[in-house]
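Notes for the one structure printed next.
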Amino acid sequence: KAASVAGRYTPKGGDTLYFRGGTEYLGAITLPSGGSEGNPVTYKGNGWGEERARLSGAARLDVKFVPCKSADDCYGNENWKNIYKTPLSETVHPLTPMYLGGERIWLARDPNQPDPFWFDDYDHYHDVGGDGTAMTHDSVILGQYFDHTPDINWENAIIAVWMKPNLVLLTDVTGVDRTRGAINFAPPGNDPYTDRASYFALFNRPSDINRPGEYVIDNKRRMLLIWPEKTAGVEANDVRINKLGSGFVLNGKSNVVIEGFHLSHYFGGHKEWTSGTAIINANRSIRNVVIRDNYIDNLRTVEGVGAIQL
């Protein structure tokens with residue numbers, strides 16, 4: 001792993017650390033030292049072999065897929081013939097970026113988005129406000145329009161709500177009130193709009209797996225459900241999630257060169273501001289740092305944080 005390979009040696013000014021091209025190093029590198037003026041420490045991913053070395057924050061999940069046997073075996077989903085399921089050995093946050101056979105898959109949602117990457121595009125959400133519907137600080141009241149699906153469909157559900165001041169907020173569904181036709185959720189701390197329509201979308205309900213490339217995570221039962229676009233990924237039991245927050249952590253070290261890497265699959269959490277950063281310095285003064293000719297993809301970050309954060 002990258003952390004152990006590079007971490008056993010403390011580089012000196014003028015040193016170059018080569019990473020084998022075409023090799024995937026799983027982990028992160030926290031720089032133990034920098035170089036000196038005119039003699040940087042160089043981390044080089046494209047000088048040993050014809051391909052780039054890949055530094056990845058993804059971890060493979062321990063899974064063993066089987067096809068659903070019936071709708072009852074698949075949380076009542078009418079698309080059960082297309083869906084596979086597997087036990088999980090660990091809790092996985094549903095919003096963690098997930099890949100099946102190397103391809104991104106998406107958390108099931110209602111309504112579907114034209115482009116699932118933009119989960120917060122409320123132009124494609126359900127609207128409430130009028131005709132007996134409303135949003136409060138902790139519920140969406142749908143009345144006659146309530147979706148009377150079984151309780152198991154709501155146990156791991158997440159709701160996205162558009163609230164003041166023009167924010168889409170994700171929070172857990174805490175239950176449903178079938179008498180009022182209401183979806184209750186953990187208050188995100190913001191107020192809904194009262195002078196215009198409000199908007200919401202639902203995520204991670206088994207009933208909403210209705211097209212290839214979607215999944216649901218049931219952390220209560222430690223179960224993952226997927227409708228794969230291709231069966232090769234489930235046949236190989238190849239599921240990975242972004243687990244680490246950053247690839248290179250400069251840690252205040254100056255006189256450094258980072259070049260020629262493929263950096264991918266960094267995320268690490270849902271609260272840490274460093275999440276999804278390929279290279280980060282974490283608010284310390286540095287100088288003479290060169291970052292060049294790196295290919296960066298498949299990150300998930302938080303607002304205001306870039307792929308390279310110095």
Side-chain angles (χ1 to χ4, degrees), residues 1-62 90 92-93 96-97 99 102 240-310:
K1 292 185 178 181
S4 60
V5 172
R8 287 195 295 264
Y9 174 71
T10 300
K12 305 180 294 295
D15 283 350
T16 297
L17 283 75
Y18 290 93
F19 291 71
R20 185 191 295 272
T23 298
E24 182 179 40
Y25 296 88
L26 300 176
I29 297 174
T30 299
L31 273 59
S33 62
S36 57
E37 189 102 20
N39 288 290
V41 172
T42 299
Y43 292 81
K44 194 167 179 60
N46 61 352
W48 182 3
E50 297 182 0
E51 301 179 53
R52 296 174 185 269
R54 181 174 178 179
L55 192 60
S56 172
R60 191 162 181 164
L61 291 180
D62 181 14
E90 60 185 280
V92 178
H93 195 293
T96 301
Y99 304 83
R240 301 188 185 204
I241 59 172
N242 292 16
K243 271 201 168 183
L244 299 178
S246 304
F248 280 96
V249 181
L250 272 64
N251 213 20
K253 304 302 187 294
S254 296
N255 302 296
V256 172
V257 177
I258 300 172
E259 63 178 342
F261 287 90
H262 180 182
L263 297 150
S264 68
H265 295 93
Y266 287 97
F267 176 44
H270 297 265
K271 296 181 180 180
E272 299 86 349
W273 76 273
T274 57
S275 293
T277 311
I279 303 170
I280 191 169
N281 180 52
N283 295 326
R284 299 185 182 185
S285 297
I286 55 173
R287 57 197 301 267
N288 299 328
V289 172
V290 177
I291 298 171
R292 63 190 174 206
D293 191 25
N294 296 288
Y295 181 80
I296 300 171
D297 66 357
N298 287 317
L299 307 181
R300 180 169 176 176
T301 185
V302 293
E303 186 175 358
V305 179
I308 299 174
Q309 188 80 8
L310 301 179

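On a predicted model such as this, the values are computed, not experimentally measured, just so you know.
Not a single side chain to side chain donor-acceptor pair (under 3.5 Å) links Glu51 to another residue, sequence neighbours left out. Residues passing the side chain to side chain donor-acceptor pair (under 3.5 Å) test with Asn251, sequence neighbours excluded: Arg284. Checked against side chain to side chain donor-acceptor pair (under 3.5 Å), Asp15 has the following partners two or more places apart in sequence or in another chain: Tyr9.
The shortest side-chain heavy-atom distance between Asn242 and Tyr99 falls under the 4.5 Å cut-off. Between Leu263 and Leu299 there is no side-chain heavy-atom pair separated by less than 4.5 Å. Two residues are said to be in side-chain contact when any heavy atoms from C-beta on lie closer than 4.5 Å; Lys12 and Asn39 fail this criterion. The shortest side-chain heavy-atom distance between Ile296 and Ile308 falls under the 4.5 Å cut-off. A 4.5 Å side-chain heavy-atom check between Asp297 and Ser264 finds at least one atom pair inside the cut-off. Here the side chains of Arg292 and Val257 are in contact, with some heavy-atom distance below 4.5 Å. Annotation: side chain of Val290 is not in contact with side chain of Glu259 (no heavy-atom distance under 4.5 Å).
Here CG of Leu310 is found 6.5 Å from CG of Leu250. Values are rounded to the nearest 0.5 Å. For the atom pair CD1 (Ile258) and CG (Leu55), the distance works out to 9.5 Å, reported to the nearest 0.5 Å. Atoms CG and OG1, from Leu244 and Thr277 in turn, are 12.0 Å apart once rounded to the nearest 0.5 Å. Between the OG1 atom of Thr23 and the CZ atom of Arg54 there is a distance of 12.0 Å, given to the nearest 0.5 Å. Ile286 CD1 to Asn281 CG: the interatomic distance, rounded to the nearest 0.5 Å, is 4.0 Å.
Minimum interatomic distance between Lys243 and Ala59 (heavy atoms only, all atoms of both residues): CD-CB, 3.6 Å. The shortest heavy-atom contact between Ala53 and Arg20 is CB-O, 3.4 Å. Nearest heavy-atom pair, Ser246 versus Ile280, reported as atom, atom and distance to 0.1 Å: OG-CG2, 3.5 Å. Pairing each heavy atom of Arg52 with each of Asn294, the nearest pair is NH1-CA, 3.8 Å. Across all non-hydrogen atoms, the minimal contact from Pro11 to Pro32 is CD-CG, 3.6 Å. Considering all non-hydrogen atoms of both residues, Ala58 and Arg240 come closest at CB-CB, 4.3 Å.
Listed for the Ser254 side chain is a donor-acceptor partner under 3.5 Å among the backbone atoms of Arg287.
Annotation for Glu90: atom CD counts as buried by contact number, over 12 foreign heavy atoms lying within 6.0 Å.
With respect to Glu24 and Arg60, no salt bridge is recorded, no charged nitrogen being found less than 4.0 Å from a carboxylate O.
No option in Phe19, Tyr266, Phe261 other than Phe261 meets the ring-ring contact (aromatic ring centres under 6.0 Å, His included) test with Phe248.
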